[in-house]
Amino acid sequence: MTTSVTTSTAFKALSSTDKYRGAVVEDLQLPPAFALPQDESISRALELAYERDFDYIPCVFAFGSAGTTEQSLTRRFSVLNRNRKPVGYLDVGSLKEKWEAGQADPNAKALLYMIKFQRSTSTPYTVITPLTPLGDLEAFLTHNIFAIITDLERKFLLGVATSQDLENFVKRRGTF
């Protein structure tokens, strides 16, 4: 009698050490990140998201030129405050559904559809960098739909990682 285990089941069953073999976020080889100004239209946000196959979109507060769309380069989009800390994001799938249902004006600003991060002193910002172990990223993703990858000083958005990225990494690399 033989038994088979699906990749997803095997992925969940292995310990972080076995799955990732010391790998860090940088090993995921995520595409470069980018962010949009908060005053960018949702039609442009969706266009850029689909060009790059992004699920979530970071945005930055515009301090001048509203036309600057690549002020920093995330695979998903977040909104940053004046201190460049992410304060929210656009969910591309949800935004597309609203657009198709006629519930979102294509010229409306991204800020109107932003989902704010729920952060407080009891829920501090977790810094995820390219050198963060994948086991730590996996633990973070058990309570969050994605992680924004940034430098240690949180000056630049470098990428966005999801649980799917971790699963793809294990499939690509193999488990043993």
Side-chain angles (χ1 to χ4, degrees), residues 6-9 11-12 19 25-62 66-81 84-120 123 125-130 132 134 136-150 154 156-172:
T6 64
T7 305
S8 181
T9 306
F11 178 78
K12 292 175 185 170
K19 274 190 287 197
V25 170
E26 185 174 50
D27 296 321
L28 293 175
Q29 299 176 346
L30 298 168
F34 77 92
L36 296 173
Q38 67 179 4
D39 59 356
E40 187 69 74
S41 70
I42 62 168
S43 62
R44 180 72 175 139
L46 287 172
E47 178 184 324
L48 291 169
Y50 285 110
E51 277 179 16
R52 293 166 172 90
D53 193 26
F54 290 4
D55 301 326
Y56 305 98
I57 309 175
C59 305
V60 295
F61 281 89
T68 306
T69 58
E70 305 224 23
Q71 295 177 359
S72 67
L73 287 179
T74 309
R75 179 151 151 245
R76 327 282 193 233
F77 304 120
S78 307
V79 179
L80 307 175
N81 69 9
R84 298 189 53 85
K85 293 180 184 174
V87 295
Y89 63 96
L90 296 176
D91 180 328
V92 174
S94 174
L95 191 54
K96 182 180 181 234
E97 286 176 14
K98 287 178 183 177
W99 176 322
E100 290 172 347
Q103 299 169 346
D105 175 7
N107 298 315
K109 304 301 178 201
L111 182 63
L112 297 174
Y113 296 93
M114 178 186 79
I115 300 167
K116 291 185 178 184
F117 291 125
Q118 301 300 316
R119 234 186 357 233
S120 65
T123 318
Y125 180 78
T126 302
V127 177
I128 306 286
T129 72
T132 299
L134 291 185
D136 294 352
L137 176 62
E138 179 183 34
F140 178 82
L141 290 173
T142 60
H143 303 290
N144 300 279
I145 57 174
F146 66 91
I148 294 174
I149 314 308
T150 185
R154 299 187 307 185
F156 302 101
L157 293 174
L158 303 174
V160 174
T162 65
S163 296
Q164 185 64 46
D165 294 317
L166 290 174
E167 287 187 35
N168 290 343
F169 175 79
V170 170
K171 287 177 190 175
R172 247 188 359 254

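FYI, the numbering just counts along the sequence from 1. Only this structure's heavy atoms are used, side chains among them; waters, hydrogens and symmetry mates stay out.
We find the CD-CG distance between Q29 and D27 to be 7.5 Å, quoted to the nearest 0.5 Å. For the atom pair CG (N107) and CZ (R44), the distance works out to 13.5 Å, reported to the nearest 0.5 Å. Remark: T129 OG1 to E26 CD distance equals 9.0 Å, nearest 0.5 Å. The CD atom of E51 lies 11.5 Å from the CG atom of L46; values are rounded to the nearest 0.5 Å. We find the CG-CD1 distance between L158 and I148 to be 11.0 Å, quoted to the nearest 0.5 Å.
Counting only heavy atoms from C-beta outward, the side chains of L28 and L137 approach each other to under 4.5 Å. A heavy-atom distance below 4.5 Å is found between the side chains of Y50 and V92. Residues T150 and I128 have side chains not in contact (no heavy-atom distance under 4.5 Å, counting atoms from C-beta outward). Counting only heavy atoms from C-beta outward, the side chains of E138 and L141 never approach each other to under 4.5 Å. Using a 4.5 Å heavy-atom cutoff, the side chains of D55 and F146 are not in contact. In this structure, L90 and I115 have side chains that are not in contact, with every pair of non-hydrogen atoms separated by 4.5 Å or more.
Across I42 and A110, no two heavy atoms sit closer than the pair CG2-CA, 4.0 Å. Minimum heavy-atom separation, Y113 to D105: OH-N, 3.7 Å.
Within the 3.5 Å criterion, the main-chain N or O of A139 finds a donor-acceptor partner in the side chain of T142. Checking side-chain atoms of D165 against main-chain N and O of T162 turns up a donor-acceptor pair under 3.5 Å. In this structure, D91 contributes its side chain and S94 its backbone to a donor-acceptor pair below 3.5 Å. A donor-acceptor contact shorter than 3.5 Å is absent between the side chain of D136 and the backbone of T132. Remark: side-chain polar atoms of S43 are paired, donor with acceptor, to backbone N or O of P106 under 3.5 angstrom.
Here the rule is side chain to side chain donor-acceptor pair (under 3.5 Å) with N168, and of Q164, R172, K171 only Q164 fits it.
Surrounding NZ of K96 are at most 12 heavy atoms belonging to other residues, nucleotides or ligands under 6.0 Å away.
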